[in-house]
Amino acid sequence: MIPWNDIETKWRAKWSQSKEFEIEPDSRTKKFITVAYPYPNSPQHIGHGRTYTLADVHARFLRMNGYNTLFPMGFHYTGTPILGMAKRVQEGDKELIENFEKLYHVPPDTIKEFVEPVKIADYFHEEIKQGMIEMGYSIDWRREFTTIDPVYKKFIEWQFRKLKSLNFVVQGSHPVGWCPKDQNPVSQHDTLGDVEPDFTEYILVKFHLDDVIIPTATLRPETIFGVTNLWINPNIKYKKIKVDNETWIVSPECAYKLEFLNKSITVISEVSGSELVGKTVSILDKKVPMFPASFVESQTGTGIVMSVPAHAPFDYQALVDYQKQNSSTIQPIPIIKTEGFGEIPAKEIVEKMGITNQDDPRLDEATNEVYSKEFYSGVLRENTGKFAGLKVSEAKDTIKAWLAESKNSDILLELNDGPIRCRCGAECVVKLLNNQWFLNYLDQAWKDKTNQCFEKMSILPNEIRTEFNYVVGWLRQRACARQHGLGTNLPWDQNWIVESLSDSVIYMAYYILAKYVNSRELKADSLSDEFFEFVFYGNGDAKQTAAKCGVQENVLQKIRTDFAYFYPVDARHSGRDLVPNHLTFFVLNHVAIFPEALWPKQIVVNGSVLMDGKKMSKSMGNIIPLRKAIQDYGADPIRLAIIISAELLQDADFNLESVNTIKGKLEAIYEDCVRHKPGMPAKLQSEDNWILGRLDHLIIQTTGAVEKMRLREALHHILFSFESDLQWYLKRVEVKRRTDVSGILHKILAVRVAMLSPFAPHLAEEMWERLGNSGVVSRSAWPVPSNSTDSSSIQSEELLQSTIEDIKNVLKVTKITPQKIVLYTADPWKVKAFGKIAASVVAGQTNIGAIIKDLIANPETENIKKDPDFVKKSVNSILAEPEEMRKIRAELEPINETAVLSSELSALVKKEFGVDMQVFTESDTAKYDPKNKARMARPFKPALYIE
RNA sequence: GCGGGAGUCGCCAAGCCCGGUCAACGGCGUAAGGUUCAGAUCCUUAUCUCCUAGGAGUUCGUGGGUUCAAAUCCCACCUCCCGCACCA
């Protein structure tokens, strides 16, 4: 057993002692690797570990390749969820407090402090940081910060003044879910039952009753042409109110809602619904009556409904109900033609479903069906005037605009799935916030520049690139400030706090400053915009800026030099959920604020982590906290298990079996590390050359994979793919009773351990030490191929392997117990012909006929006439080989098969099958060949006889 | 609806960009054998079907097509997953 935790502690201490990851500018090329910083509202779990692990592997790999690689980390305190949590703690929320105690193991005394939001953030900040340290991430902790640090706030203020000066910040109105009691916007975390406060925009169609306006709320303004009457609930006490300069009649609930939508409301009087029934209202050139209906609800819309019986099942049924008791000549007016429906869709569907009264709940279903069919495939009929022929999906917006223009409509915003309650208990409403600040991501020049940056960037995996392009095209204005939460106040309007996805877009630049903040050489006190202009752009005079900002001049210069050295960002890692927001904003803001030379170079996106194939969630109880997992399984096995289970964009399935498999694999390599000593044998034999060639191959494959961040593939090469090669080598060595291969095995191990070290850094250090190396493997060079490839060794080892395979195959099929094995190698003319065939194939000629013609034309190979099938078989066997091997076959002198087989294979055959073996050439007159097999011989495919 | 992604041999999952190395990596599971007093671990072998000579057949969501050759390229269809905002 490997004492994982001891080894990890030991090496972490060493790294920390030698300040291994504290990176300063030097003469080498730099790389700046960043990851989206965490939001500290809970401990991190295995899933969070994935992105950070990928970034860490990336950073460590680059470091071994000679790059001076900085990997920093910060903590994102900005936002509202923590605020909501603090409030819930204050209220004594059982569920939350239990989560803290049982799930997160937060000490009770600490939980008490959680009424203060910052304490929550601070606690989980430390928790997450410890986890990152324990995972062995090669982070330069001197550059740590939180987004509520005073200097950070100055930085964000600068960023926003900058954006504003570039006209990227604009003001407008914006609807939000709102708690009237708290006077605050509500998001999902602020509502009882964590309901997302979604809302819908209704069109208020204004009917006129003399000089009073009767507004009706609808989602289908186009149906105005089919209106036959209004529905009024006689039992509702409506309010007559003054709305700005007009007089409206609406339900009391509606009157209340309107107040939050920028309207000034004064109640004039009450009007009973029954008083309104029977009166006639007008709109455009229409006059319609108001009829009573029980389905009309006071709390929905205005409490008055526009009736379109041809297309609205509710209206149709209410009309039928009304006409049972009253005489009325009103008929539905069809205004939409839809394939699959007849004249009056509402009638059809109501009758089909067997609905007989307006309180039937199935009317909702009926409404949905008519609505969606008509929306996507309906066309307006002739009786809709200038809109005739328009598709409903287009007509909706056109008519909406037309009504608004002619002052026949207004807007009502209403919460979906209401009532939604705030945690304080009050019922939420929709509020139209005035003077909301937006980042104008609509700006075309801005978008163009962003696209330019994306074009030049490396996006891994590249499949995700189209998604970025789509997002950039689709982005509109984005609210960039809120009225509560932790964060930085808008510099020009203290009522607003910069929203969390807007204060996290260029903070990678702040890592450079953070080091000096932490060393107290940089203080917020008198920091002004000149400071940032100097550091980021080199603008201004150092002496003056230093004096003005209260910074030592040499410190200021150093910060500027550091920034110029480390920027731009070379890679940004994140989960794919941040593609449509943070990652895109990150690029947008960089191109807005920084010159092209400082634009980011690469984005690496990864999928999420599943637990035993299922999504991790609190309710399923399958969340494994990262630190717990480290204690139980060790950091390295977890790192490997996360990486090996899926390629970048796939969801990685984490399960205990894979962790154990990995552990086993690592343990085997670890044990091997004490067995071998350095020192090459005096003379390399065929199998030595071969295995060293395979080792080169391994290095090339692995390096290529890591460069593309195909880490699963890379790990596979290191841990598994090489295994079968190694087994073959060991078998060969054993059969030959060699004792001089320790050095070769040592070299192989050293290469594998070095390549393993970005993935499993702690254990790799331990292995490296066991191998007798001085110094840390983290600082060693990434292995490079030694070009020891010797193609004749490759050919002869391949020959031996495939011959053994053939023998096994025959034995398996015939089920005979061998007494004697005889091999026959191909005649020289076949070898010649085979070489030519290989050359043709490599050149792209696989047409059998053409190849045969060619061969016959040459006296050396004209024998082919006797055995044309030889060509087909050869072509196939060459095609069945890897490309490099085909080249070798075509270009290189063939080996002497008879010699190789007799000298090397006998012992292997003896060991494998326990019998003696003889080798003849095909045309040897003295050969033993009772079954006439020899003629089947082909190059690299000796004929075979077993008895 | 718009946009993105995926359907592979029991399960997970590579391969598809760059067509032959693909009956298709690897892991898990299953089976047999070895180690063990026994079990767990570990190691070896096998794991689409057929086969007494190294072979053949049928497979990679479905149906077509291109090609000497297709899991891989093209067309159509079916099914599933994710995002669509002011929230980290």
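Here is how names work: the chains are called A, B, and so on, in the same order as the sequence lines, proteins then strands, and each is numbered from 1. Predicted, not measured: the structure shown is a model, and the values here were computed from it.
Put simply, the side chain of Arg476(A) never gets that close to the backbone of Leu442(A): no donor and acceptor are under 3.5 Å apart. No side-chain donor-acceptor contact under 3.5 Å links Tyr470(A) to the backbone of Arg465(A). No donor-acceptor pair closer than 3.5 Å links the side chain of Asn589(A) to the backbone N or O of Val505(A).
The pairing partner recorded for G83(B) is C2(B), the criterion being a Watson-Crick or G-U wobble arrangement whose two distances lie under 3.5 angstrom. Here U30(B) sits opposite A46(B) as a Watson-Crick or G-U wobble pair (both hydrogen-bonding atom distances under 3.5 Å). The partner of C73(B) is G65(B), judged by Watson-Crick or G-U wobble contacts that both fall below 3.5 Å. In this structure G54(B) sits in no base pair that meets the Watson-Crick or G-U test at under 3.5 Å.
Between the C1' atoms of C25(B) and G15(B), the separation comes to 8 Å (whole Å). C77(B) and A71(B) are spaced 23 Å apart, taking the P atom of each and rounding to whole Å. A gap of 35 Å separates the C1' atoms of G65(B) and C51(B), to the nearest Å. Straight-line distance between the C1' atoms of C16(B) and U21(B): roughly 15 Å, to the nearest whole Å. Rounded to whole Å, the C1' atom of U8(B) lies 10 Å from the corresponding atom of G61(B). Taking the C1' atoms as reference points, C22(B) lies 16 Å from G57(B), given to the whole Å. Using C1' as the reference atom, G20(B) and C73(B) are 14 Å apart when rounded to the nearest Å. Atom name C1', nucleotides C28(B) and A14(B): the rounded distance is 15 Å, in whole Å.
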Where do N or O atoms of nucleotides 46-52 of chain B meet protein N or O atoms at under 3.5 Å, pair by pair?
| unit_1 | atom_1 | unit_2 | atom_2 | d |
| --- | --- | --- | --- | --- |
| U52(B) | O4' | Val813(A) | O | 3.4 |

For nucleotides 80-84 of chain B, list the nitrogen or oxygen atoms of the protein found under 3.5 Å from its nitrogen or oxygen atoms, one pair per line.
none

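Along RNA chain B, the nucleotide nearest to Val176(A) and the one nearest to Asp806(A) differ in position, and the one closer to the 5' end is contacted by Asp806(A). Projected onto RNA chain B by closest heavy-atom contact, His174(A) and Val810(A) fall at different nucleotides, the more 5' of which corresponds to Val810(A).
Scored by the ring-ring contact (aromatic ring centres under 6.0 Å, His included) test, Phe585(A) finds Tyr441(A) as partners (sequence neighbours excluded). Evaluation of the side chain to side chain donor-acceptor pair (under 3.5 Å) rule for Gln795(A) yields Arg889(A) as partners, not counting sequence neighbours. The ring-ring contact (aromatic ring centres under 6.0 Å, His included) check on Tyr824(A) picks up nothing, with sequence neighbours excluded. Scanning for ring-ring contact (aromatic ring centres under 6.0 Å, His included) contacts around His174(A) gives Phe438(A), with sequence neighbours left out. Remark: Asn440(A) engages Gln477(A) in a side chain to side chain donor-acceptor pair (under 3.5 Å) (not counting sequence neighbours). Partners of Asp632(A) according to the side chain to side chain donor-acceptor pair (under 3.5 Å) rule, which considers only residues two or more places apart in sequence or in another chain, are Lys628(A). Every side chain to side chain donor-acceptor pair (under 3.5 Å) that Thr78(A) has, sequence neighbours left out, goes to Thr147(A), Asp503(A). Listed by chain and number, the residues in a side-chain contact (heavy atoms from CB on, under 4.5 Å) with Ala826(A) are Lys830(A), Glu922(A), Ala937(A), Pro939(A) (sequence neighbours excluded). For Asp725(A), the salt bridge (Lys or Arg N to Asp or Glu O under 4.0 Å) test picks out Arg694(A), with sequence neighbours left out.
When heavy atoms are screened at a 4.0 angstrom cut-off, Leu501(A) is found touching base atoms of the nucleic acid. Pro942(A) comes within 4.0 angstrom of a base, heavy atoms only. Contacts of Ala943(A) with the nucleic acid, taken as non-hydrogen atoms under 4.0 Å apart, include base atoms. Residue-level contact check: Leu719(A) touches neither bases nor backbone, having no heavy atom under 4.0 Å from any strand. Nucleic acid contact class of His582(A) (heavy atoms, under 4.0 Å, all strands): none. Nucleic acid contact class of Phe438(A) (heavy atoms, under 4.0 Å, all strands): none.
Nucleotide G5(B) holds its P atom 11 Å from the CG atom of Asn469(A), rounded to whole Å. Rounded to an integer number of Å, the gap from Ile459(A) CD1 to G4(B) P is 16 Å.
For G4(B), the OP1/OP2 oxygens have no side-chain nitrogen or oxygen of Thr466(A) closer than 4.0 Å. The shortest distance between the side-chain N/O atoms of Gln727(A) and the OP1/OP2 oxygens of U44(B) is below 4.0 Å.
Ionic pairing of Arg935(A) and Asp929(A) is not present here: no N-O contact between side-chain nitrogen and carboxylate oxygen is shorter than 4.0 angstrom. Electrostatic pairing of Lys708(A) and Glu713(A) does not count as a salt bridge here, judged by no charged N lying under 4.0 Å from a carboxylate O.
If you check distances only, the side chain of Asn581(A) does reach the base of A88(B) with a donor-acceptor pair under 3.5 Å.
Between G54(B), G26(B), A85(B), one nucleotide has an atom nearer to the side chain of Leu944(A) than all others, and that is G54(B). Comparing atom distances between the Met936(A) side chain and each of G54(B), A88(B), G26(B) picks out G54(B) as nearest.
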- If the sugar-phosphate is the primed atoms plus P, OP1 and OP2 and the base is the rest, what is the B/S/- string for nucleotides 11-18 of chain B, using protein heavy atoms under 4.0 Å? -SSSS---
